[in-house]
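Beneath this line is the structure, given in structure tokens, with notes to follow.
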There are 2 protein chains.
Amino acid sequence: MPLQSDSDNKSDSDNPRDLPSGENLDRDARALYDALNQLIRVHQFRDRDRICGYDLSVAQCYALETLVHQGPLRLQGLASVMYLDKSTASRVVDALVRKGHVDRIADPADRRAALIRPTVQGEALYQTIRADLIAEERAMLEGLTPDMRQAALTLIRQLTQAAHRRCGPGPGGLSPVQNET
Amino acid sequence: MPLQSDSDNKSDSDNPRDLPSGENLDRDARALYDALNQLIRVHQFRDRDRICGYDLSVAQCYALETLVHQGPLRLQGLASVMYLDKSTASRVVDALVRKGHVDRIADPADRRAALIRPTVQGEALYQTIRADLIAEERAMLEGLTPDMRQAALTLIRQLTQAAHRRCGPGPGGLSPVQNET
DNA sequence: TCATTTACGTTGCTAGTACCAACTAAACTG
DNA sequence: CAGTTTAGTTGGTACTAGCAACGTAAATGA
């Protein structure tokens, strides 16, 4: 995680205004909220559109992706990576099993548990979809210089990290996400 | 596709590496795909969590937001801004009407049509939720310098614009202009 | 060892999302 | 005034999402 460019912290003095930085932070937070909102909606829509062409829902595709990247997982693990209730995860897996993209195998360590694993077909399908979606990203990046692309990556990752920190251990984390209000 | 490529598409000479720019682009596209994926999932989850505390679904909140920002809309307009089928939009509006956040008023210009308009209560609720979500963004921005925050905004907006161009007339776009590319 | 408790996953329930298709009613078109 | 188009609703189906209630298996403990 390169948290780079503390060296450029001079920007406070660059700023001709005499606003305290807190006000700028508020303004930026509002702007970021709106900008991210737009970005997320447009991506959600586009992903749905793309993925549905492969007879897969977005949640199913995300589950498949998780299993391809992280290897066989138990239902609990999959559910917590996806921020879902185990019952929802179970039904998503049902659909993937029905479509032949995933199978459940017995967990040798625990006869209650099942490991969920992508099939060869499922893995291939995921790679196809991934290539398709990456082509979309490439098209979007075409107008940006390499420098800007790097900056975009860094920033998006930082925002994601910050969000993770505030959401508890999310995707990649296996601890259960439960709201104890 | 006139993306706003500033000056040169072929800034190979800018790049100190000897990789052709296409390879870097591929690599960046993959990285961007993964990074955006993470960001979007985490945001989706967080928004759902936050919004549900106000007895509103995410789609309902988005519809309310659209109506607050854009003023009274017809169902068609709302549906196209939300990238939804009109039937889905109709049911989302039903829910909002039931909860008292929105009402349908007759369109004087067309007796078939109805204008959908947030109620005072709905507007207040949206502002509350918005403030809540913006506070989240602010917390995420705290670790970034003002420069980086500005850069993040610019980049996220550019990515959104690029995605819009590829998705046809999207949110904010009420223009019936279909893809002419 | 047997009873209790805890954990894993499934299923029933309810609400919401999302699309297509069919429908009513109003508005345009000739 | 037909005939067509447009606005919105409703029916049907599949999926998403969470809670609660299971059955079964493992862990705990007396």
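Side chains are part of it too, since the values below use all heavy atoms of this structure and drop only hydrogens, waters and symmetry mates. Chain identifiers are assigned alphabetically (A, B, ...) following the order of the sequence lines, protein sequences preceding nucleic acid strands; residue numbering begins at 1 within each chain.
The distance between atom CD of Gln76(A) and atom P of dG18(D), rounded to the nearest whole Å, is 13 Å. The CD-P distance, from Gln44(B) to dT16(D), rounds to 13 Å in whole Å. Atom pair Asp47(A):CG and dT17(C):P shows a separation of 19 Å (rounding to whole Å applied). Following rounding to the nearest Å, Tyr62(B) (OH) and dA18(C) (P) show an atom-to-atom distance of 11 Å. Following rounding to the nearest Å, Asp49(B) (CG) and dA17(D) (C1') show an atom-to-atom distance of 12 Å. dG18(D) atom C1' lies 10 Å from atom CZ of Arg48(B), rounded to whole Å. If you measure from atom CE of Met82(A) to atom C1' of dG9(C), you get 16 Å, rounded to the nearest angstrom. Atom CG of Leu56(B) and atom P of dA15(C) are 16 Å apart (whole Å).
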Counting only pairs under 3.5 Å, give me each side-chain donor-acceptor contact of residues 85-92 of chain A, with atom names and distances, residues two or more places apart or in other chains.
unit_1: Asp85(A); atom_1: OD2; unit_2: Ser87(A); atom_2: N; d: 2.9
unit_1: Asp85(A); atom_1: OD2; unit_2: Ser87(A); atom_2: OG; d: 2.6

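Listed for the Gln60(A) side chain is a donor-acceptor partner under 3.5 Å among the backbone atoms of Ser57(A). A donor-acceptor pair is defined here as one N or O able to donate and one able to accept, closer than 3.5 Å; no such pair exists between the side chain of Thr160(B) and the backbone of Gln38(A).
Contact annotation: Gln60(B) side-chain N/O to dA15(C) OP1/OP2 distance is not under 4.0 Å.
For the segment residues 100-113 of chain A, residues with any heavy atom less than 4.0 angstrom from an atom of DNA chain D are, sorted by number, Asp110(A), Arg111(A), Arg112(A). Near-neighbour residues of DNA chain C inside residues 85-97 of chain A, defined by a heavy atom below 4.0 Å, number-ordered: Lys86(A), Ser87(A), Ser90(A), Arg91(A).
Within 6.0 Å of CZ on Arg117(A) lie no more than 12 heavy atoms contributed by other residues, nucleotides or ligands.
Every residue meeting the salt bridge (charged side-chain N to carboxylate O under 4.0 Å, His left out) condition with Arg112(A), not counting sequence neighbours, appears here in chain and number order: Asp110(A). Under the rule for a side chain to side chain donor-acceptor pair (under 3.5 Å), the partners of Arg130(B) that lie at least two apart in sequence or sit in another chain are Asp34(A), Tyr126(B).
Each of dT17(C), dT10(C), dG18(D) was ranked by its minimum atom distance to the side chain of Ala59(B); first place goes to dT17(C).
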For this session: List the steps, then state whether side-chain hydrogen bond (donor to acceptor under 3.5 Å, both in side chains) holds for Lys99(A) with Gln121(A).
Result: CA-CA 10 Å; Lys99(A) 294 174 182 177; Gln121(A) 168 196 325; over 6 Å; no
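Residue pairs meeting the ring-ring contact (aromatic ring centres under 6.0 Å, His included) criterion with at least one member in residues 88-107 of chain A: none, sequence neighbours excluded.
Ion pairing between a basic and an acidic side chain is recognised when a charged N comes within 4.0 Å of a carboxylate O; Glu137(B) and Arg46(B) show such pairing.
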